[in-house]
2 protein chains.
Amino acid sequence: MLSKKSQYAFKALAYLATKYNQGPVLISEIAKKKKIPLKFLENILLELKKADILDSKKGKGGGYFLNKSPEKVKMATVIRLINGPIAMLPCVSLYFYERCKNCDEKHCGLHDMMLEVRDATLNIVENRTLKDLIV
Amino acid sequence: MLSKKSQYAFKALAYLATKYNQGPVLISEIAKKKKIPLKFLENILLELKKADILDSKKGKGGGYFLNKSPEKVKMATVIRLINGPIAMLPCVSLYFYERCKNCDEKHCGLHDMMLEVRDATLNIVENRTLKDLIV
DNA sequence: AAAATAGTCTATCGTCTTGGTAGGCTATTT
DNA sequence: AAATAGCCTACCAAGACGATAGACTATTTT
């Protein structure tokens with residue numbers, strides 16, 4: 001399951017995507033329009049900024065805005081950043097890989113199955129972007 | 001990510017699948033062979049029994065055993081029982097559905113995308129069984 | 001320069017989940 | 001009756017999750 005934080009992140013990003021190239025948007029505006037707790041949203045946006053997905057401007061007329069066009073931000077990137085691994089097991093994760101203890105990956109049915117699930121999922125989230133969030 | 005509990009469950013079930021129709025297997029045997037904390041495994045097996053996946057026998061010569069043949073136990077069933085929802089969002093879950101607050105499912109890009117992910121995943125885990133865990 | 005604006009940073013907090021343990025109880029066999 | 005082996009209830013520590021507080025810094029306006 002995606003955490004609430006991830007859902008908030010996607011709502012905020014979708015909102016910013018609709019405002020792309022229209023200047024900075026206030027955290028408070030996003031929080032109000034998307035009904036996200038303000039201070040919680042602050043943390044999320046900051047994290048997205050540190051990952052170079054967003055940029056910000058301080059002072060009057062400031063706010064947050066997308067650092068690149070919506071179709072350049074992959075869903076997979078955001079999920080990994082805010083939610084963590086996409087795979088169902090560490091031993092089949094690309095970005096959060098960990099070897100299985102007491103289990104030979106070459107002869108593990110669970111491993112093989114979860115690898116399939118991972119690929120099926122990646123096939124979607126690696127090929128969708130923030131642009132697809134705007135309906 | 002699958003919880004450690006789920007991974008233990010699958011290891012235990014895979015072991016019991018290899019012993020299908022060979023009489024009861026001691027919890028302690030499974031725990032030892034699969035390196036699972038004994039008391040924790042007790043809980044897991046009991047849960048699987050209550051869900052009619054396993055059955056047990058008390059007293060000498062007792063133990064746990066599969067209640068039906070390995071190919072009749074779907075991966076999806078076990079995941080839902082031990083791990084919870086398969087979908088990434090409550091609003092696209094079949095068995096744990098919850099309506100989205102402040103979000104119209106008919107016009108939500110995230111919803112549509114997560115529906116795709118869910119279907120891709122279900123397509124695998126609904127069509128694989130414990131039999132596929134044995135290599 | 002001062003005041004206002006708006007993001008940044010650090011810390012904290014209550015609650016729930018996760019992983020695991022303990023110990024007694026009950027049913028079945030020998 | 002004694003031994004075996006699963007059943008049940010309770011508990012606990014650590015960490016994750018969702019959220020909040022408050023002080024700090026950078027930028028703009030007056």
Side-chain angles (χ1 to χ4, degrees), chain A residues 1-12 16 19 23-32 34-67 79 81-85 88-90 96 101-102, chain B residues 1-12 16 23-32 34-67 79 81-85 88-90 96 98 101-102:
Chain A
M1 281 280 202
L2 292 180
S3 64
K4 226 161 179 190
K5 189 177 173 185
S6 305
Q7 297 178 51
Y8 288 155
F10 280 123
K11 293 211 183 225
L16 287 174
K19 306 268 183 184
V25 182
L26 290 178
I27 302 181
S28 56
E29 179 185 334
I30 306 171
K32 198 176 174 186
K34 292 301 183 175
K35 295 187 178 148
I36 303 170
L38 185 90
K39 294 296 276 180
F40 198 16
L41 180 58
E42 265 186 29
N43 299 334
I44 297 170
L45 296 181
L46 200 52
E47 210 168 326
L48 289 166
K49 177 185 171 171
K50 283 178 180 161
D52 265 323
I53 293 167
L54 297 180
D55 202 353
S56 66
K57 200 170 169 300
K58 285 187 177 180
K60 179 149 196 183
Y64 274 96
F65 49 94
L66 276 178
N67 205 10
I79 295 177
L81 179 70
I82 305 293
N83 209 71
M88 284 185 139
L89 290 177
F96 299 83
K101 306 130 186 63
N102 324 318
Chain B
M1 280 284 204
L2 292 179
S3 64
K4 225 158 177 192
K5 189 177 175 185
S6 306
Q7 297 177 51
Y8 288 154
F10 281 121
K11 293 208 185 227
L16 288 174
V25 181
L26 290 178
I27 303 181
S28 55
E29 179 185 335
I30 307 172
K32 198 176 175 188
K34 291 301 181 176
K35 297 191 178 146
I36 303 170
L38 184 94
K39 294 297 275 180
F40 197 15
L41 181 58
E42 263 187 32
N43 299 334
I44 297 169
L45 297 180
L46 200 52
E47 211 168 326
L48 289 165
K49 178 185 171 170
K50 283 178 182 162
D52 265 324
I53 293 167
L54 297 180
D55 202 354
S56 66
K57 199 167 169 301
K58 284 187 177 181
K60 179 149 196 182
Y64 275 97
F65 48 94
L66 275 179
N67 205 9
I79 296 177
L81 178 71
I82 305 292
N83 209 70
M88 283 187 139
L89 290 176
F96 299 84
E98 275 176 63
K101 305 131 185 62
N102 325 317

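Naming convention: chains lettered A, B, ... in sequence-line order (proteins, then strands); numbering from 1 in each chain. Note that the structure is a prediction, hence the values are computed from the model and not measured.
- Rounded to a whole Å, the CG atom of A:L26 is 18 Å from the P atom of C:dA4.
- Listed by chain and residue number, nothing satisfies the ring pair (Phe, Tyr, Trp, His ring centres under 6.0 Å) test with A:F65 (two or more places apart in sequence, or in another chain).
- Remark: P of C:dA27 and CG of B:D55 are 16 Å apart, rounded to the nearest angstrom.
- A:M1 contributes atom CE, which lies 8.5 Å from atom CD of A:Q7 (distance to the nearest 0.5 angstrom).
- For the pair A:N67 (side chain) and A:D52 (backbone), a donor-acceptor distance under 3.5 Å is present.
- In this structure, A:K101 places its NZ atom 13 Å from P of C:dG19, rounding to the nearest Å.
- Evaluation of the salt bridge (charged side-chain N to carboxylate O under 4.0 Å, His left out) rule for A:K19 yields A:E29 as partners, not counting sequence neighbours.
- Applying the ring pair (Phe, Tyr, Trp, His ring centres under 6.0 Å) rule to A:F96 yields no partners; only residues at least two apart in sequence or on another chain are considered.
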Polar atom pairs between nucleotides 18-22 of chain D and protein, under 3.5 Å, N or O only, would you list them?
| unit_1 | atom_1 | unit_2 | atom_2 | d |
| --- | --- | --- | --- | --- |
| D:dG18 | OP1 | A:K4 | N | 3.0 |
| D:dA19 | OP2 | A:Y8 | OH | 3.0 |
| D:dT20 | O4 | A:N43 | ND2 | 3.3 |
| D:dG22 | O6 | A:K39 | NZ | 2.4 |

Can you give the donor-acceptor pairs under 3.5 Å from side chains of residues 53-60 of chain B to other protein atoms, not counting sequence neighbours?
| unit_1 | atom_1 | unit_2 | atom_2 | d |
| --- | --- | --- | --- | --- |
| B:S56 | OG | B:K49 | NZ | 2.8 |

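- When rounded to the nearest whole Å, the span between CG of A:L45 and P of C:dG7 equals 9 Å.
- Regarding A:N83, its CG atom lies at a distance of 12 Å from the C1' atom of D:dA16, rounded to whole Å.
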Every protein N/O lying under 3.5 Å from an N/O of nucleotides 12-17 of chain C:
none

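- The distance from atom CD of A:E29 to atom C1' of C:dG7 is 15 Å, rounded to the nearest whole Å.
- Annotation: side chain to side chain contact (heavy atoms under 4.5 Å, CB included) contacts of B:L46 (sequence neighbours excluded): B:K50, B:Y64.
- Residues satisfying the side-chain hydrogen bond (donor to acceptor under 3.5 Å, both in side chains) criterion with B:K39, sequence neighbours excluded, are B:E42.
- A straight line from NZ of B:K11 to P of C:dG19 spans 14 Å, rounded to a whole angstrom.
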Which pairs, protein N/O on one side and nucleotides 28-30 of chain D N/O on the other, fall under 3.5 Å?
| unit_1 | atom_1 | unit_2 | atom_2 | d |
| --- | --- | --- | --- | --- |
| D:dT28 | OP1 | A:K57 | NZ | 2.9 |

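- Partners of B:K5 according to the side chain to side chain contact (heavy atoms under 4.5 Å, CB included) rule, which considers only residues two or more places apart in sequence or in another chain, are B:S3, B:F40, B:I44, B:E47, B:I82.
- Among pairs with a residue in residues 42-61 of chain B, none fulfils ring-ring contact (aromatic ring centres under 6.0 Å, His included), at least two apart in sequence or across chains.
- The CG-P distance, from B:L46 to C:dT26, rounds to 15 Å in whole Å.
- For the salt bridge (charged side-chain N to carboxylate O under 4.0 Å, His left out) test, no residue two or more places apart in sequence or in another chain qualifies with A:K4.
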